[in-house]
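Labels below follow one simple rule: chain letters A, B, ... track the order of the sequence lines, proteins then strands, and each chain is numbered from 1.
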2 protein chains.
Amino acid sequence: MSPRPKIGLDLTTILDAAGEIADQYGMQEVTLANLAKKLGIRPPSLYNHFEGLPGLRKKLAIYGIEKIYEEMADAAIGVSGTEAVLAISKAYVNFARKHPGIYEATLFAPDPGDKEVQQAGAKIVDLSVRVLQVHHLEGDLALHVVRGLRSILHGFSSLEQRGGFKLSLDLDESLMIIIKAFLTGIGGEQSFTGPIPNGDQNRS
Amino acid sequence: MSPRPKIGLDLTTILDAAGEIADQYGMQEVTLANLAKKLGIRPPSLYNHFEGLPGLRKKLAIYGIEKIYEEMADAAIGVSGTEAVLAISKAYVNFARKHPGIYEATLFAPDPGDKEVQQAGAKIVDLSVRVLQVHHLEGDLALHVVRGLRSILHGFSSLEQRGGFKLSLDLDESLMIIIKAFLTGIGGEQSFTGPIPNGDQNRS
DNA sequence: TGATTTAACTAATAGTATTAGTTAAAATAA
DNA sequence: TTATTTTAACTAATACTATTAGTTAAATCA
């Protein structure tokens, strides 16, 4: 039921290779021809692993979203409150910096509304909701706030990647100021300049 | 010095056509073949108007950025303070909604760091700086805040376009809450829950 | 008028994804 | 063990891209 022929490529190996191409040369260079060359096979052989170029892009998008989630979840361990929000935020933008091509792939899914793609993204949303729970936001407001945090993180990363911030002004400082301001404005238990109440973990 | 041969296409006509294709079918369908077909000419003829596909993408990006700027500038006429920030914000996301393909084109420039592309974007930044001046932010802080506003607007538009907000929660309301919270947190003259000086619509 | 400019064209090339059909190696069943 | 099945690779061919080179003819200008 699962033979291991000549080369025995598995999907992870293929996606790792595709991710390397993306990070080094950009998503427009992630072609079946380039990927096959890197793997030492012929382009049609790739069809045994995914459904053509759209299939590759979808799988690479999910692969990227999951990697971002992992780094965010890891960053959220052992911290809480505003500190936790800042930690997952840093993890998000740092992933986009370290893996610009994979981050780009995240937005390259042929159908962003695809069930599996949405499902992968939902984990990030859920994590954000949990981290923001310290603010004790009433029902709907919590969801609006998550939308805001996601908008900030994606917008900031995307603009930074495209060279949208050209002034010589520290980028990490901008991000911290932006998020702290947003959280302060939302009005949770945290205050912009004040101390962080306590230090135990919130993570479910 | 400027003959008017057979058809006499000018760049604006071409970009309008390309924009229509983008809005209807997405940027991946903006090919020289499709564009030429829509214009009634042969693909190689397009090379008389721009430098290949990368040239088209660059010009279309600038075209889109300028259109966004125009709508934002128009929305800023006759309003001030927080109201003005909300007005240009609505104009921005509404443009992305009405012209998803052209908005996509905005991010499709082959070299986002290109001088002309940056110059077009700078007008939006300048407008934002002016509109935010009511908050009397000290030097650097003003720039951080502009980065934040741009991140929110681009991130929100991009996520909305990709179906990233799947909950049945009013999108305009989210945007207003997010921006008001951000401005409140920055600490300007306005407050989140307090009355808006002007008096009309607050929480959408 | 004649010369020049240039926006269209045809023809050809290289690169792309993709499909169809084939081969052979590995896993499984007997 | 041998036989069967599965499947990951392959070759060959097709249809689409963008792109270049060289040509034609219409509009402008001197």
Notebook entry, point to check: CZ of Phe50(B) versus P of dT19(D): gap in Å, rounded?
Noted result: 9 Å
Checklist line | Candidate nucleotides dT16(C), dA8(D), dA18(D), ranked by approach to the side chain of Thr31(B) - the nearest | finding: dA18(D)
Next item on the list: Inspect the surroundings of NZ in Lys166(A) and state if more than 12 heavy atoms from other residues, nucleotides or ligands are less than 6.0 Å away.
Entry: yes
Next item on the list: Quickly work out the Arg57(A) CZ to dT16(C) P distance and round it to whole Å.
Entry: 13 Å
Notebook entry, point to check: Around atom NZ of Lys98(A), are there more than 12 heavy atoms of other residues, nucleotides or ligands at under 6.0 Å?
Noted result: no
Next item on the list: Kindly point out which of dA8(C), dT11(D), dA11(C) is positioned nearest to the side chain of Pro44(B)?
Entry: dA11(C)
Margin query: Is the phosphate of dC9(C) approached by Ser45(B) (side-chain N or O, under 4.0 Å from OP1 or OP2)?
Written below: yes
Check: Do other residues, nucleotides or ligands put more than 12 heavy atoms under 6.0 Å from Gln28(A) CD?
Finding: yes
Checklist line | Residue from His154(B), Arg97(B), Lys67(B) passing side-chain hydrogen bond (donor to acceptor under 3.5 Å, both in side chains) with Tyr103(B) | finding: His154(B)
Notebook entry, point to check: Between atom CG in Leu35(B) and atom C1' in dT19(D), what is the gap in whole Å?
Noted result: 15 Å
Margin query: Can you tell me if Tyr47(B) touches the phosphate of dT19(D), counting only side-chain N or O atoms and a distance under 4.0 Å to OP1 or OP2?
Written below: yes
Check: Rounded to the nearest Å, what distance is computed from the CD atom of residue Glu51(A) to the P atom of nucleotide dA8(D)?
Finding: 13 Å
Note to self: Nearest to the side chain of Ala33(B), heavy atoms from C-beta on, is which of dT17(D), dT18(C), dT19(D)?
What the structure shows: dT17(D)
Check: Which nucleotide in the set dA8(C), dT16(C), dA9(D) lies at the smallest distance from any side-chain heavy atom of His49(B)?
Finding: dA8(C)
Next item on the list: Nearest whole angstrom, please: distance from the P of dT16(C) to the CD of Gln28(A).
Entry: 13 Å
Item checked: Closest to the Asn48(B) side chain, choosing from dA17(C), dA7(C), dT11(D) -> dA7(C)
Margin query: Whole angstroms only, please: what is the CG-P distance between Leu11(B) and dA7(C)?
Written below: 11 Å
Checklist line | Interatomic distance where CD1 belongs to Ile41(B) and P belongs to dA18(D) [whole Å] | finding: 13 Å
Check: Between Asp16(A) and Thr13(A), do the side chains contain an N or O donor and an N or O acceptor separated by less than 3.5 Å?
Finding: no
Note to self: Taking the minimum atom-to-atom distance to the side chain of Leu9(A), which one of dA9(D), dT10(C), dT17(D) wins?
What the structure shows: dA9(D)
Note to self: Measuring from the side chain of Leu53(A) (C-beta onward, heavy atoms only), which nucleotide among dA9(D), dA17(C), dT19(D) has the closest atom?
What the structure shows: dA17(C)
Notebook entry, point to check: Expressed in angstrom and rounded to an integer, what is the separation of Leu46(A) atom CG from dT11(D) atom P?
Noted result: 14 Å
